[in-house]
Amino acid sequence: MATPLDDKTRAIVTACVPALEAHGLAITTEMYKRLLADPAISALFNSAHQKNGTQPTALALAVLAYARNIDNLGALGGMVERIAEKHVGLNIRPEHYPYVGRALLGAIAHVLGDAATPDIMDAWAKAYGFLADVLISRESQIYKAHADAPGGWEGWRPFTIRSRTQEGACVTSYDLVPTDGKPVMAHKPGQYLSFSVTVPGHGNQRRNYSISSAPNDQSYRISVRKADNGLVSGWLHDSAQAGTDLQVSAPAGSFTLPGRPAAPVVLLSAGVGLTPFIAMLETRAAAAAAASLGCPAGMGAPLQYIHGTHNPQTEAFGPLVRDLSARGVVRADIFYTHGSAEEAASLSTTGTTAHTGRITPEWVRANTPADALYYICGPESFMQDMISGLSAAGVPADRLRHEVFGSATTLEDALHAA
């Protein structure tokens with residue numbers, strides 16, 4: 001267990017909040033510059049998040065949140081859990097933490113200059129050590145749970161692509177089976193897999209992709225959009241075929257539904273943000289089938305799926321959603337940002353209503369149950385619009401849950417990311 005911070009340390013860290021507000025991004029940018037100079041450490045980070053600045057921004061906001069809440073660390077439970085889950089997926093180990101600590105402290109001293117007094121440096125060394133101990137302890141628990149689970153494993157495990165399926169104009173699904181032919185750990189719908197991929201000419205890369213299939217003990221499915229200039233997604237689309245082997249870590253993430261939610265659930269997505277929700281929908285379909293056979297598990301609370309996409313050609317899993325809505329498993333609303341009202345009307349089917357235009361928080365609030373639990377996933381701008389709009393409409397923060405594919409880049413993400 002981590003040794004609690006003393007009063008002097010907490011007071012100094014709190015006093016640093018204005019400096020972090022002014023210089024936090026400069027500190028974390030310098031920190032990553034130092035970390036990425038070591039090839040053994042740079043491989044642990046997503047290079048795309050360094051180029052677009054989201055990784056340093058996310059860390060700057062997380063450090064600021066830590067400093068602001070140093071007297072109430074319970075408020076950071078969601079952030080700590082998300083970081084721990086991500087670290088486990090990427091196989092971050094205790095021996096990596098000293099590298100980060102040295103880089104962070106060196107960056108603080110570099111950016112703050114003479115203002116980085118010995119007392120300040122000592123306080124931040126203790127604060128970092130405390131947080132590292134908390135994360136290492138939680139990660140150890142997750143690693144053990146993965147290793148002990150039926151079909152589970154720790155570290156990287158070889159998987160083979162059994163097949164690939166085009167789900168829409170930009171999304172391809174990959175059906176993955178363990179190369180050793182043994183069972184796999186049953187994931188929780190909404191979790192993701194992490195991959196260690198060697199891209200020719202670019203070395204080792206690590207990425208996370210949501211699992212888009214219902215839990216079973218034989219395989220996983222991921223569904224990947226070919227991102228503009230996406231290094232790994234481009235390699236998957238262009239080069240990964242049936243028979244290609246991939247290194248995969250066990251399912252991770254806390255963006256999951258309760259087993260039997262008591263309140264109505266709204267799944268709110270745009271673009272490839274639908275992938276964790278497809279796993280949830282398939283799981284609900286299995287529960288519906290069990291209920292029809294008299295299984296006491298039943299289906300739970302009502303489920304509504306609201307999704308935005310450009311047009312019918314870019315809509316992934318459209319046939320599946322319409323089949324499930326026609327069977328009463330889910331109520332679906334699909335928004336097409338391009339196209340005519342006449343075309344949308346022709347795409348409405350039993351249980352699925354097609355709309356034109358963008359999803360707005362006002363529409364969502366007016367057309368979903370008052371006590372709904374919202375799960376939100378998609379591009380960052382979409383999630384921010386939905387969260388801020390629904391919050392302004394009076395939806396409590398504990399009923400707004402969202403997934404972050406890459407790096408959290410707002411303070412709200414740092415504090416409340418699932």
Side-chain angles (χ1 to χ4, degrees), residues 1-2 41 43-46 77-97 100 131-162 174-198 204-224 232 245-259 275-276 278-280 282-283 286 377 401 403-407 417-418:
M1 179 177 292
I41 298 300
L44 301 175
F45 297 95
N46 185 331
M79 183 182 77
V80 169
E81 184 65 19
R82 175 179 175 270
I83 292 172
E85 290 276 354
K86 192 76 64 157
H87 282 181
V88 169
L90 296 173
N91 279 285
I92 303 298
R93 298 292 178 168
E95 58 266 28
H96 295 131
Y97 278 87
V100 177
L131 183 58
D133 286 346
V134 169
L135 287 168
I136 289 170
S137 176
R138 178 62 186 134
E139 289 157 18
S140 176
Q141 293 173 346
I142 298 173
Y143 279 123
K144 185 176 187 307
H146 287 176
D148 292 346
W153 70 98
E154 185 176 344
W156 301 110
R157 181 179 179 184
F159 275 69
T160 301
I161 298 175
R162 181 166 59 184
Y174 301 85
D175 187 38
L176 309 173
V177 294
T179 306
D180 60 16
K182 296 180 180 179
V184 300
M185 170 182 164
H187 65 282
K188 297 177 182 178
Q191 289 190 309
Y192 55 82
L193 298 174
S194 298
F195 294 80
S196 176
V197 178
T198 299
N204 182 261
Q205 305 289 324
R206 300 189 184 188
R207 295 294 188 273
N208 312 117
Y209 294 109
S210 294
I211 303 169
S212 62
S213 55
N216 67 82
D217 64 355
Q218 299 297 317
S219 65
Y220 302 111
R221 181 181 66 204
I222 59 169
S223 301
V224 181
V232 175
D245 291 334
L246 301 170
Q247 296 295 316
V248 184
S249 65
S254 55
F255 185 67
T256 58
L257 285 176
T275 51
I278 296 302
M280 295 177 187
E282 287 194 347
T283 303
C377 192
R401 304 181 183 181
E403 178 63 295
V404 182
F405 282 138
S407 301

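Computed from a predicted model, the values in this text were never measured in an experiment.
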Inset, instruction - Determine the sole option in Pro215, Ser210, Ser212, Ser213 for which the side-chain contact (heavy atoms from CB on, under 4.5 Å) test with Pro189 is passed. - result: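 Considering Pro215, Ser210, Ser212, Ser213, a side-chain contact (heavy atoms from CB on, under 4.5 Å) with Pro189 is found only for Pro215.
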Inset, instruction - Could you point out which residue of Thr256, Leu257, Thr283 forms a side-chain contact (heavy atoms from CB on, under 4.5 Å) with Lys188? - result: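 Of the listed residues Thr256, Leu257, Thr283, the side-chain contact (heavy atoms from CB on, under 4.5 Å) partner of Lys188 is Thr256.
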Measure the spacing between [atom1] of [X] and [atom2] of [Y] and express it to the nearest 0.5 Å.
X      : Y      : atom1 : atom2 : value
Glu139 : Lys86  : CD    : NZ    : 13.0 Å
Tyr174 : Tyr209 : OH    : OH    : 8.5 Å
Asn216 : His187 : CG    : NE2   : 7.5 Å
Phe195 : Leu176 : CZ    : CG    : 5.0 Å
Asn91  : Arg206 : CG    : CZ    : 6.5 Å
Phe159 : Asp245 : CZ    : CG    : 11.0 Å

Are [X] and [Y] packed together at the side-chain level, in the sense that at least one heavy-atom pair is separated by less than 4.5 angstrom?
X      : Y      : result
Ser196 : Asn204 : yes
Ile278 : Ser223 : no
Arg162 : Gln218 : no
Val177 : Val184 : no
Gln141 : Val88  : no

Minimum heavy-atom separation for [X] and [Y], please, with both atom names.
X      : Y      : value
Glu403 : Tyr192 : OE2-CD2, 3.9 Å
Pro276 : Phe255 : CG-CE2, 4.1 Å
Ser249 : Leu193 : O-CD2, 3.6 Å
Leu246 : Val197 : CD2-CG2, 4.5 Å
Trp153 : Met185 : CZ3-N, 4.2 Å
Asp175 : Ser219 : OD1-OG, 3.7 Å

Inset, instruction - Verify, without hydrogens or angle tests, whether His96 (side chain) and Arg93 (backbone) share a donor-acceptor contact under 3.5 angstrom. - result: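 Flag set: sc His96 to bb Arg93 pair under 3.5 Å.
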Inset, instruction - Determine yes or no for a side-chain-to-main-chain donor-acceptor pair under 3.5 angstrom, with Ser137 supplying the side chain and Asp133 the backbone. - result: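 The answer is no, because no donor-acceptor pair under 3.5 Å joins these two groups.
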Inset, instruction - Look at the aromatic rings of Tyr97 and His87 and report parallel, tilted or perpendicular, splitting at 30° and 60°. - result: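 Ring orientation, 0 to 90° scale: perpendicular.
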Legend entry - Trace of the side chain to side chain contact (heavy atoms under 4.5 Å, CB included) decision for Thr275 with Val224: CA-CA 8 Å; Thr275 51; Val224 181; over 6 Å; no
